[in-house]
Amino acid sequence: MKLLKIGSAHTCDIVLNSEFVSSHHADLLVLDDGQLILEDKGSTNGTFVGNNKKRINSGVEVPIRRGDLIVFADTELPWNRVPTLDKNESYKSVINIGSHYRNEVVLDSNVASRFHAAIKVDNKGRAFIVDNKSTNGTQVNGVKIPAGKPVRIKRGDNVVCGESDISELIKQYIPNRFGWMKWTAAALAAIALLVGGYFLVKSFMTPHVEPKDMTPAVAYVFAAYHFEISLEDSPVSVPLDFRYPADPADNLILQATAFFIDRKGHMATNRHVALPWNEEYRTDSIHDILKQEVENYLVALVPKQVNSRKDLDVLRQSEFGNALIDASRNLNDLNASISRIYKSKVVITGKMDFIAVGYPGKYFSDLDELQRCNVICESGDVDKDVAILQLNNKTTPESIPYVFEVENFDLDKITPMAEDYYTIGYPSGLQRAMDLKTKSLTPSLTTSKCSKVPSKFTFEIQHGSVGGASGSPVFYNNRLVGIILGYYSGDGASTMAVQARYLKELYMKEELDKQ
């Protein structure tokens, strides 16, 4: 895989001498299989493809073929300067590393280059790493390696790309120097089977788990929360803050899905389930409601200007208003403080009043019978939409035979239309999940495939979904590949999921397995 920067700057890989070509006009990505991907990088005068010279959108990857007419502003792409990649016939595998989602090993780092390095394994089972002229370099065992030159690496070597230690990430791609032991073990297992050693062989096999058998591990989530509103700049020490809804009995309700990932009561769900009040998750309607609530609250508490005794009487009805009056030297001073209040930035946060879960097949006559839990941690990143809950008793129910164990997460690159995936969740919440006869919870089990090339953080599956499915596992066998986070509006035919790697990253960061 090779990235070619195209533009008028001398630092570009293909330099075009034209005043109309931007300094970094476009990128051309040459994939290992020969495919070519073109992307305009926000150029001033555009990039055009094909004989009809159709302008492509900035920031959108467009597949092209070698020899196509490509025009950057007023200059054609000189195809003779676009290299063809080596066929790597002397290597049996090539593993690309970098921050771009097309890499086999994706690095979540602003310091790593998009296509930082590559590991090449030759036909003799030896592994080499090649730095692709990255900005911040690659180190092997503390020594910076020269760009473009293959350097032999072995299991146990310390490898750093930029500032990311990838030693554990790449271990699976480096052949084991003692691989002969694996073949010996396989031969012994075969012999054991022939002589009746069935249980010996069975102990080395990964048990197959039917999708329906994972259903007990998927919980219904019911939560109540409220917004907390305050002003950033107040002229007095008495706080001016309030909650919405004002009445604690009228809390906002959330329904979602979570699933168990260990035996200590830890469950995975989405960050937007754990922090529903965050600004990035507010709908336009909620934003408008909060804006109106702030205005109504202020007007009722503090007149926009004090012009009469009646206005002063309104101020005296609250501790905040009395503090304003006491801190003011005269009427002009008081009105200046009021003006400052109305110009102050409104700070909106929130708080979870309670969050609880229910299990499939269990009888629930009242929401109070759901089992309480807490939000333990969340990713802190809107793109990594994952969070972890934990039951208050810190124990996964014994009635749940299988959980989605973190060590079994599938972190390999997801291939469109290649694998059948399953999801279990509670779309539409209790409205759809509650069996009206038995009053027990019944989640939905569906099957689908990845429908397009994944992005760095997410991938898309074919079936539609609705609210309540957020936090549902996407898996095969009992191996998690992602967590549903939302769906496309309109026909609802496509559902988005965040990749499992970010849930594992959060789990290991918090070291929850050691608690």
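This chain uses plain numbering: 1 for the first residue, then up along the sequence.
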Side-chain touch [X]/[Y], heavy atoms, less than 4.5 angstrom:
X      : Y      : value
Asn278 : Val382 : no
Asp247 : Pro245 : no
Val386 : Arg271 : no
Phe260 : Tyr402 : no
Leu252 : Phe227 : yes
Ile388 : Ile261 : yes
Ile483 : Leu485 : no
Thr396 : Arg263 : yes

Say whether, by atom type as modelled, one donor and one acceptor occur between the side chain of [X] and the main chain of [Y] under 3.5 angstrom.
X      : Y      : value
Thr395 : Asn393 : yes
Thr269 : Ala258 : no
Asp385 : His272 : yes
Asp157 : Lys154 : yes
Asp131 : Ala117 : no
Gln499 : Ser455 : yes
Asp165 : Ser167 : yes
Arg66  : Val82  : yes
Asn408 : Glu405 : no
Ser109 : Val111 : yes

Would you kindly say whether [X] and [Y] are connected by a side-chain donor-acceptor distance under 3.5 Å?
X      : Y      : value
Asn96  : Glu104 : yes
Arg114 : Asn132 : no
Thr446 : Ser444 : no
Asn57  : Asp40  : no

Would Trp277 and Tyr244 count as a side-chain contact (heavy atoms from CB on, under 4.5 Å) here? Give the steps.
CA-CA 11 Å; Trp277 51 80; Tyr244 174 80; over 6 Å; no

Can you measure from [atom1] ([X]) to [atom2] ([Y]) and round to the nearest 0.5 angstrom?
X      : Y      : atom1 : atom2 : answer
Leu441 : Leu370 : CG    : CG    : 7.5 Å
Gln371 : Leu391 : CD    : CG    : 4.5 Å
Lys53  : Ile56  : NZ    : CD1   : 14.5 Å
Tyr281 : Ile286 : OH    : CD1   : 15.5 Å
Asn110 : Thr135 : CG    : OG1   : 12.0 Å
Ile95  : Asn103 : CD1   : CG    : 11.5 Å

Please give me the minimum heavy-atom distance between [X] and [Y], naming the atom from each residue.
X      : Y      : result
Val294 : Phe242 : CA-CZ, 3.8 Å
Ser99  : Ala112 : OG-O, 3.6 Å
Ile414 : Phe459 : CD1-CD2, 3.4 Å
Thr257 : Gly468 : OG1-O, 2.8 Å
Ala26  : Leu38  : CB-CD1, 4.3 Å
Ser472 : Phe259 : C-CE2, 4.2 Å

Check the orientation of [X] and [Y]. Use parallel for under 30°, tilted for 30 to 60°, and perpendicular for over 60°.
X      : Y      : answer
Phe457 : Tyr502 : tilted
Tyr220 : Tyr426 : perpendicular
Phe404 : Phe475 : perpendicular

Can you tell whether the side chains of [X] and [Y] come within less than 4.0 Å, N to carboxylate O?
X      : Y      : value
Arg282 : Glu279 : no
Arg102 : Glu61  : yes
Lys351 : Glu228 : no

Worked check of side-chain contact (heavy atoms from CB on, under 4.5 Å) between Ser93 and Tyr173:
CA-CA 9 Å; Ser93 63; Tyr173 301 109; over 6 Å; no

Can Arg243 and Asn251 be said to form a side-chain contact (heavy atoms from CB on, under 4.5 Å), step by step?
CA-CA 10 Å; Arg243 56 171 284 157; Asn251 283 334; 2.4 Å; yes

Other residues, nucleotides, ligands: >12 heavy atoms within 6.0 Å of Lys449 NZ:
yes

Is it the case that more than 12 heavy atoms not belonging to Asp284 sit under 6.0 Å from its CG atom?
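Counting neighbours around CG of Asp284, 12 or fewer heavy atoms of other residues, nucleotides or ligands fall under 6.0 Å, so no.
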
Between Thr47 and Val62, does a side-chain contact (heavy atoms from CB on, under 4.5 Å) hold up when you go through it step by step?
CA-CA 11 Å; Thr47 301; Val62 177; over 6 Å; no

